[in-house]
Amino acid sequence: SIKTSRLVGKSNSSRVDKERHVLTSISNPNVIQLLAFCAQPRALLAEWMDYCLFDCLHDEKDVLSPGFIQPRLKIALDVARGLEYLHRSNIVHRDIKSGNILFNKDPIVAKIADLGEGRFFVDGVLDTIRHQVGTVLWRAPEINTENPDTSIATTKSDVYSFGCVLGELCSDELPNDKHPPFVLTGRTEGWPVDYLELAQSCFLFDPKDRPVASKILDSLNEIYDDFEQQLPPPSQCDSPASSRTATYVTSTLANDVYSL
């Protein structure tokens, strides 16, 4: 299928170039892989993934049933792996949200996508940027300001956004537009207490109080292992994932995805 968009112009072309610059500099199994680049028209060809997390949490809910916690924990763990890699590679994503997390289901493998807003930083300082970035509901409070001179995206603002994704995974709800983005009670039955505490630590108001990505990854590894040990043995082994060679295209002439 082919999806088209009305969005055209130099700004979209620049975004594609920026994403190409980031993607050609990195390689990680939990970050979307760039396969090819087309100069005219500007387009990126990246690996195909079956599902978008936002759609599966808020629309196609039969894909990730709320009662099955383990697949959701695996998605959280995979995204933490990708985020830790980006930060270790001196990259701030600046738009972490469920809509930028893609995954395959059999077996569960999740990847961070859409690095068009991503920026390199040196010694903790971004190479550019003092303006609002990201998507409102997932945006850290220090970014949501009318004063661009004090609105600087950092690794800790990525952590806040990731905390919102953790909240989505265990509640099937969207973040609130005010702080805190979630009150994790009621619809989180069965979820490990350590997971809920980790999510809340990620979206603390003060960036200095939020954990770094490496600590988040360590915590999620432990949470996932503990949860997996408590599960009954599976009745049969998961079937191996089939190889996928399809691609999607992000083009300057289309803000949506072309499936080839």
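This one's a predicted model, so the numbers in the text were calculated from it and none came from an experiment.
Counting heavy atoms from C-beta on, the side chains of L64 and F103 come closer than 4.5 Å. Within the 4.5 Å cutoff, side-chain heavy atoms of Y195 are placed close to those of L166. Contact of the L169 side chain with the L53 side chain is registered, since non-hydrogen atoms from C-beta on lie closer than 4.5 Å. Contact annotation: the side chain of V79 approaches that of I112 to within less than 4.5 Å [non-hydrogen atoms, C-beta and beyond]. Side-chain contact between C202 and I216: present, with at least one pair of heavy atoms (C-beta onward) separated by less than 4.5 Å. Looking at P207 and Y160, their side chains never come closer than 4.5 Å, going by heavy atoms from C-beta outward. Using a 4.5 Å heavy-atom cutoff, the side chains of V63 and K105 are in contact.
The heavy-atom pair separating S98 from V165 by the smallest distance is N-CG2, 3.8 Å. For A213 against V159, the heavy-atom pair with the smallest separation is N-CG2, 4.4 Å. P29 and V109 get closest at one heavy-atom pair: O-CG1, 4.4 Å. A pairwise comparison of heavy atoms in W138 and C164 identifies CD1-CB, 3.6 Å as the closest pair. Here the closest heavy-atom approach between residue G99 and residue C52 is recorded as O-SG, 3.7 Å.
Under a 3.5 Å cut-off, the side chain of N30 and the backbone N or O of A110 do form a donor-acceptor pair. A donor-acceptor pair under 3.5 Å is formed between the side chain of Q200 and the backbone N or O of L196. One N or O on the side chain of H93 and one on the backbone of A113 form a donor-acceptor pair closer than 3.5 Å. With hydrogens and angles disregarded, no donor-acceptor distance shorter than 3.5 Å links the side chain of S157 to the backbone of A153. With S171 contributing its side chain and E173 its backbone, the two residues share a donor-acceptor pair below 3.5 Å. Under the 3.5 Å distance criterion, the side-chain polar atoms of Y224 are left unmatched by any main-chain donor or acceptor of A76. The closest donor-acceptor contact from the side chain of D158 to the backbone of R94 lies under 3.5 Å. Looking at N104, its side chain does come within 3.5 Å of a backbone N or O of D50 through a donor-acceptor pair.
Legend: residues meeting salt bridge (Lys or Arg N to Asp or Glu O under 4.0 Å) with K156, ordered by chain and number and at least two apart, are absent. Judged as a salt bridge (Lys or Arg N to Asp or Glu O under 4.0 Å), and not counting sequence neighbours, the contacts of K208 are D206.
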| request: Please test T135 against K97 for side chain to side chain contact (heavy atoms under 4.5 Å, CB included), starting from the C-alpha separation and ending with a verdict. | output: CA-CA 8 Å; T135 304; K97 59 182 178 180; 2.9 Å; yes
| request: For the pair T154 and V92, evaluate side chain to side chain contact (heavy atoms under 4.5 Å, CB included) and give the outcome as yes or no after the intermediate values. | output: CA-CA 6 Å; T154 68; V92 178; 5.6 Å; no
| message | The test is side-chain hydrogen bond (donor to acceptor under 3.5 Å, both in side chains); show your working for D95 and S161 and say whether it passes. | response | CA-CA 8 Å; D95 198 17; S161 301; over 6 Å; no
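The CG atom of N176 sits 8.5 Å away from atom CG of L137, with the distance rounded to the nearest 0.5 Å. Between the CZ atom of F54 and the CD1 atom of I101 there is a distance of 12.0 Å, given to the nearest 0.5 Å. A distance of 10.5 Å separates CG in D59 from CG in L57, rounded to the nearest 0.5 Å.
Sorted by first and then second residue, the pairs that involve residues 162-183 and meet ring pair (Phe, Tyr, Trp, His ring centres under 6.0 Å), not counting sequence neighbours, are H179-F205. Residue pairs meeting the salt bridge (Lys or Arg N to Asp or Glu O under 4.0 Å) criterion with at least one member in residues 210-223, sequence neighbours excluded: E142-R210. Sequence neighbours left out, the pairs with a member in residues 78-88 that pass salt bridge (Lys or Arg N to Asp or Glu O under 4.0 Å) are K74-D78, D78-R81, E84-R88.
Side-chain contact annotation: D194 with S219, donor-acceptor N/O pair under 3.5 Å absent. Between the side chains of H58 and E168, a donor-acceptor pair is found at a separation under 3.5 Å.
In this structure, Y51 is a member of the same hydrophobic cluster as I108, with clusters built from ILVMFWY side-chain heavy atoms closer than 4.5 Å.
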For residues 225-233, tabulate all N or O donor-acceptor pairs below 3.5 Å that involve a side-chain atom, not counting sequence neighbours.
unit_1, atom_1, unit_2, atom_2, d
E228, OE2, Q70, NE2, 3.3

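Checked for salt-bridge contact, K61 and D55 miss the test: no charged N lies under 4.0 Å from a carboxylate O.
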